[in-house]
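First up is the structure itself, then whatever we jot down about it.
Order of the sequence lines fixes the chain letters, A, B, ..., with proteins taken first and strands second; residue numbering starts at 1 for each chain.
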There are 2 protein chains.
Amino acid sequence: MSNVPKISESEWEIMKVIWSQSPLTAEQIVLQLSDKMEWSDQTVRTFINRLLKKKAIGFEKSGRSYLYFPLVSEKECVRAESQSFLKRVFNGAAGIMVTNFLEETDLSQQEIDHLHQILTEKRREKDKGTQA
Amino acid sequence: MSNVPKISESEWEIMKVIWSQSPLTAEQIVLQLSDKMEWSDQTVRTFINRLLKKKAIGFEKSGRSYLYFPLVSEKECVRAESQSFLKRVFNGAAGIMVTNFLEETDLSQQEIDHLHQILTEKRREKDKGTQA
DNA sequence: CTCCAAATATTACATACGTAATATTACACT
DNA sequence: AGTGTAATATTACGTATGTAATATTTGGAG
């Protein structure tokens, strides 16, 4: 279910803008990306069109231009990309992946505490499950 | 530093074989992949050649065939892919990424405990750093 | 109703990738 | 030394991607 299309690296930039706020005109998308990426507006419009063709986004007419909005949720796409990455690089082993990230990344005290807490809770849940 | 070449999804499969054991002949690589992937041996040899061109692997002659070995380490490549993924999907926010994985993935009790322990240690380390 | 400017749509082109087929080279055997 | 076979090298071809340029359409001004 929920078969998300393959979204390329550049297309992800477009999607992130549209997910963060929609609907948006092409003009607005170009604007939002203008300081982050060095893309001509035609390039951005090409990516928008490819995303339309892939059914990742839709549009409705509004006067002279279109208003674009997502057809696939960010959550779905993040899931798909994560699974793909996990499989390709870590043979699907999420535990190893997370371990690796924890060891390679310099997290802040806050983040460490937060993750620690999540795991503490998860541990308790798991325990309850076993108990029952 | 340590500029790793871009390795495609298919090429990753070849690299994983070569990293796990090297040097290997093309024949041996084909064999190791034969049950996992539905690739003709010519396809595998094409990927091997592309990896050679990218300087991801090297070879030395051995009788009638070549023995291939990695020129880039798995660690480097995992790092590069991880950074790329992190940037594309989570805007580089490792904390959010890990949180997301912890919440979306069903980890075993063992894995949870292990991660919990790593974080407990990291927390202590961080604390010591602050203390000084 | 006509015409322009702006928006969308189509076309372009080089490189990467998936997936091989064919061509060439070079051991090993006779 | 010649030859066949197995390895490597080259070529092929369709789709995807990055990066636009050009062509066409159309809403809005006059």
Side-chain angles (χ1 to χ4, degrees), chain A residues 3-18 23-34 36-69 77 80-81 84-85 87-89, chain B residues 3-18 23-34 36-69 77 80-81 84-85 87-89:
Chain A
N3 237 11
V4 297
K6 303 279 170 211
I7 293 173
S8 80
E9 180 141 351
S10 301
E11 289 162 358
W12 263 90
E13 294 301 323
I14 312 288
M15 291 306 293
K16 284 193 282 197
V17 170
I18 296 179
L24 287 175
T25 64
E27 178 83 35
Q28 291 173 309
I29 296 171
V30 166
L31 249 170
Q32 299 237 357
L33 285 166
S34 63
K36 184 172 185 177
M37 316 302 286
E38 296 288 317
W39 287 335
S40 88
D41 59 342
Q42 278 314 313
T43 295
V44 174
R45 281 161 209 274
T46 295
F47 293 146
I48 290 173
N49 265 304
R50 288 184 182 164
L51 287 168
L52 275 176
K53 228 157 254 169
K54 292 182 183 186
K55 312 279 190 189
I57 62 178
F59 70 86
E60 56 173 323
K61 303 190 89 157
S62 160
R64 64 194 169 290
S65 53
Y66 292 176
L67 285 173
Y68 299 95
F69 53 85
C77 291
E81 273 290 312
S84 162
F85 165 69
K87 186 167 185 303
R88 183 178 3 146
V89 179
Chain B
N3 238 13
V4 297
K6 303 280 169 211
I7 294 173
S8 80
E9 181 141 351
S10 301
E11 289 162 359
W12 263 89
E13 294 302 323
I14 312 289
M15 290 307 292
K16 283 192 281 197
V17 171
I18 295 179
L24 288 174
T25 64
E27 178 84 35
Q28 291 173 307
I29 296 171
V30 166
L31 249 169
Q32 299 236 357
L33 286 166
S34 64
K36 182 169 186 180
M37 316 303 285
E38 297 288 315
W39 287 334
S40 88
D41 60 343
Q42 278 314 314
T43 296
V44 174
R45 283 163 207 272
T46 296
F47 293 146
I48 290 174
N49 263 305
R50 288 186 180 162
L51 287 168
L52 274 177
K53 228 158 253 169
K54 293 180 183 187
K55 311 280 189 185
I57 62 178
F59 69 88
E60 55 173 323
K61 304 190 91 156
S62 160
R64 63 191 170 293
S65 54
Y66 292 176
L67 285 172
Y68 299 95
F69 54 84
C77 291
E81 274 290 312
S84 161
F85 165 69
K87 186 168 185 304
R88 184 177 4 146
V89 178

Quick check on [N]: is either OP1 or OP2 less than 4.0 Å from any side-chain nitrogen or oxygen of [X]?
X	N	result
B:Y66	C:dA26	no
B:S40	C:dT19	no
B:T46	C:dA20	no
A:W39	D:dG18	no
B:S8	C:dG18	yes

**Request:** Tell me what B:K54 touches on the nucleic acid: a base, only sugar-phosphate, or nothing, going by heavy atoms under 4.0 Å.
**Result:** sugar-phosphate

**Request:** Kindly point out which of D:dA7, D:dT22, C:dG18 is positioned nearest to the side chain of B:F47?
**Result:**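 The closest nucleotide is C:dG18.
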
**Request:** Please determine, for the side chain of B:R50, which listed nucleotide (C:dC27, C:dA20, C:dC17) has the closest atom?
**Result:** C:dC17

**Asked** Starting at the 5' end of DNA chain D and moving along, which residue's nearest nucleotide shows up first, A:T43 or B:R64?
**Response** B:R64

**Residue met sooner reading DNA chain D from 5', once B:L67 and A:K6 are mapped to nucleotides** =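 Nearer the 5' end of the strand: B:L67.
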
Rounded to whole angstrom units, what separation is found between the [atom1] atom of [X] and the [atom2] atom of [N]?
X	N	atom1	atom2	answer
B:I7	C:dG18	CD1	C1'	17 Å
B:L51	D:dA9	CG	P	14 Å
B:L52	D:dT10	CG	C1'	14 Å

**Asked** With A:E11, which of A:K54, A:K6, A:K53 fulfils salt bridge (charged side-chain N to carboxylate O under 4.0 Å, His left out)?
**Response**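 Output: one option passes, namely A:K54.
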
